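Written out below as structure tokens is the structure these notes cover.
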Amino acid sequence: MSLVQPRTLPGALELLPREQIAFQRLLDTIRATYERFGFLPIETPVMELTEVLLTKEGGETERQVYFAQSTGDREAGREPELALRFDLTVPLARYVAQYEHQLAFPFRRYQIQRVYRGERAQRGRFREFYQCDIDIVGKDELPVRFDAELPAVIYSLFTELGFGGFRIQINNRKLLRGVLAALGIAEGEPQTLVLREVDKLDKRGPEYLRDTLRERFSLGDDIIGRLLAFVGTRSTSYAHARGLLADLERDLAHPLLAQGAAELREVLDRLVDFGVPDSHVCLNFAIARGLDYYTGTVYETILTDHPEIGSVCSGGRYDDLASHYTKSRLPGVGLSIGATRLFWQLRELGLYKDAESTVQVLVALMDESLLGPALQLATRLRAAGIAVEAQLEAAKLAKQLKYADRAGIRFVALLGSDELAKGVVSVKDMQRGTQFEVAADELAATLEVEIAQARAMAGVPRA
RNA sequence: GUGGAUGUAGCUCAGACGGUUAGAGCACCGGAUUGUGAUUCCGGGGGUCGCGGGUUCGAAUCCCGUCUUCCACCCCA
């Protein structure tokens, strides 16, 4: 009998327990931050009806969608009626349209779930991955000031995560389109194509962009020069950002440009109130984002200590989220963190070590005859709310300690005949290599203090 | 979906011109007398050289095909 090689599909991330714990901590921190900013949880099914999911015909998204089908339908040769979601925004649109009359607006939801994309596998590209989305959806209106709240969430979150410096880059699609129009690039398709290239500026560099614009779009050198000067602009502070907007409006005139600039000014003003320091924010006029539904503010965040990772979080404003599902006008602003990629890349850089085990204490079994006392000890610790694993087989102590070491369990409770006679328990701290004795009755309380201390030292956020 | 590269132990790799039983480091397992891990010492298991075919007295090594993975494009978290 030939064995089937055990493997996952390419583009799936599967983790060992201690890595999984580290990943879970990341998700926990994201969740806690989202909740602290008043976002409400929802989940939607992995599969949606095809007609619901694929509201836009053809194109790039459809090529990346996985379809699902019952065996019966497949054998009957019917078209698949189900598809796996490729993001969380489309399901949100459906959700909001469906429950519109039961939801309170502005509706602030967070959603942390996996999505699926049929991509060719590549480093750091996944076919199944977590997105951690927050969106605020308004009814009829959603003032621009909401656009400043999402960066505030991101500022808080990445500060807490502690991956070093980061920069929230902000731009505005109206401003972009206004500038392009003022430079004589026609609205619609031509602007879309130019923006797609502009978006690559930070990755490919100005020379590449200049050549592309000259060859593919046959723009004049004067226009290209002005465009490059514009999209190459970055602000260094809020004051500088306001100055850049003023300069821009003085040099070029267009209604969209003026509107975009006004929106950005509003966002900048509110960011100050939200307590986001301008060391972590910058206007980047090359940020264009997914060219389909964003209409105003767009965001992209990078880790300044690890720029090679690229964008770790992005999003923006859309005018009408659910136009395919309802006649109600539902404008919104949202943003998404690709947690799987973020985790994977930070781990590649060696910034994510395996986490300590969720098991806080291992009760060793020194001798077969001590099974009863050991299990009773474990039970008492659990009753005190401590996560305990008890060894059920007596083995050499060295082996049990090695097990604890590998499993990442910090404390080992030793209850041998000596301890039993004295009414104490020995506790070994695997990390510090220290050991102490404590009266059996006081063990739970002592361990709670030790665990709290260890957690504080490690900077692990409260769950 | 298009183009390019890769493929030797679990991992990272070495194996010049084809020539006898294919190697290293790390990892893994076991041991170094009594109840102490991660360090040290000793020993051990593990490879149809991606797969199929061809050339040859002889192929990990040369040729063809195929699959896989990786990289770029597209798109994006």
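Computed from a prediction, not measured in an experiment: that's the story for all the values here. In what follows, chains are A, B, ... by sequence order, proteins preceding strands, each numbered from 1.
Between A/K396 and B/A32 there is a side-chain polar atom (N or O) within less than 4.0 angstrom of OP1 or OP2. A sub-4.0 Å separation between OP1 or OP2 of B/C75 and a side-chain N or O of A/R196 is present.
Contacts of A/T340 with the nucleic acid, taken as non-hydrogen atoms under 4.0 Å apart, are absent. Residue A/F126 is classed as a base contact, given a heavy-atom separation below 4.0 Å to a base. If you check every strand for non-hydrogen atoms under 4.0 Å, A/D418 touches a base. Across all strands shown, A/L414 has heavy atoms under 4.0 Å from base atoms, whether or not it also approaches the sugar-phosphate.
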If you look only at distance, which donor and acceptor atoms sit under 3.5 Å apart when one is on a side chain in residues 410-420 of chain A and the other is two or more places apart or in another chain?
from, atom 1, to, atom 2, distance (Å)
A/R410, NE, A/D429, OD1, 2.9
A/R410, NE, A/D429, OD2, 3.4
A/R410, NH2, A/D429, OD2, 3.0
A/E419, OE1, A/G416, N, 3.0
A/E419, OE2, A/S426, OG, 2.7

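Using atom P as the reference point in both B/G46 and B/A9, the two lie 15 Å apart (nearest Å). Nucleotides B/C62 and B/G19 have their P atoms positioned 11 Å apart, rounded to a whole Å. Comparing the same atom, P, in B/C51 and in B/U36 gives a spacing of 47 Å after rounding to whole Å. Rounded to whole Å, the separation between the C1' atoms of B/C11 and B/G54 comes to 34 Å. Across B/U68 and B/G50, the matching C1' atoms stand 7 Å from one another, rounded to whole Å.
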For RNA chain B, the dot-bracket pattern of Watson-Crick and G-U pairs whose distances stay under 3.5 Å, | for other-strand partners:
(((((.(..((((.....[...)))).(((((.......))))).....(((((..]....)))))).)))))....
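Taking 4.0 Å as the cut-off between side-chain N and carboxylate O, A/K422 and A/E437 count as a salt-bridged pair.
Evaluation of the side-chain contact (heavy atoms from CB on, under 4.5 Å) rule for A/A394 yields A/L365, A/E368 as partners, not counting sequence neighbours.
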Identify the pairs formed between an N or O of the protein and an N or O of nucleotides 37-41 of chain B at a distance under 3.5 Å, and give each distance.
from, atom 1, to, atom 2, distance (Å)
B/G37, N7, A/K428, NZ, 3.4
B/G37, N1, A/M430, O, 2.5
B/G37, N2, A/D405, OD1, 2.9
B/G37, N2, A/M430, O, 2.9
B/A38, O4', A/D405, OD2, 3.0

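Each of B/A77, B/G35, B/C75 was ranked by its minimum atom distance to the side chain of A/F129; first place goes to B/A77.
Side-chain atoms of A/E419 come within donor-acceptor range of the base of B/G35, with a qualifying N/O pair under 3.5 Å. For A/R117 against B/A77, a side-chain N or O and a base N or O form a donor-acceptor pair under 3.5 Å.
In the displayed structure, A/E393 atom CD is contacted under 6.0 Å by at most 12 heavy atoms of other residues, nucleotides or ligands. The number of heavy-atom neighbours closer than 6.0 Å to CZ of A/R382, taken from other residues, nucleotides and ligands shown, is above 12. For A/K200, the NZ atom counts as densely surrounded, since its 6.0 Å shell holds more than 12 non-hydrogen atoms of other residues, nucleotides or ligands.
The backbone N or O of A/T44 lies less than 3.5 Å from a partner atom in the side chain of A/R85, making a donor-acceptor pair. Under the 3.5 Å distance criterion, the side-chain polar atoms of A/S357 are left unmatched by any main-chain donor or acceptor of A/I409. No donor-acceptor pair under 3.5 Å is formed between the side chain of A/Q131 and the backbone N or O of A/A339. Without hydrogens or angle criteria, A/R108 side chain to A/G38 main chain gives a donor-acceptor distance under 3.5 Å. A distance-only check finds a donor-acceptor pair linking the side chain of A/S235 to the backbone of A/L283 [under 3.5 Å]. Between the side chain of A/N284 and the backbone N or O of A/A286, at least one donor-acceptor pair lies under 3.5 Å.
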If a protein heavy atom is under 4.0 Å from the base, mark B; if only from the sugar-phosphate, S; if neither, -; do that for nucleotides 66-72 of chain B going 5' to 3'.
---SSSB
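By the 30° and 60° cut-offs, the orientation of the rings of A/Y155 relative to A/F166 is tilted.
The residue among A/C313 and A/K200 whose nearest nucleotide of RNA chain B is located toward the 5' end is A/K200.
With 3.5 Å as the limit, one finds a donor-acceptor pair spanning the side chains of A/E263 and A/N172.
For RNA chain B, the neighbouring residues in residues 435-443 of chain A, judged by any heavy atom under 4.0 Å, are A/Q435.
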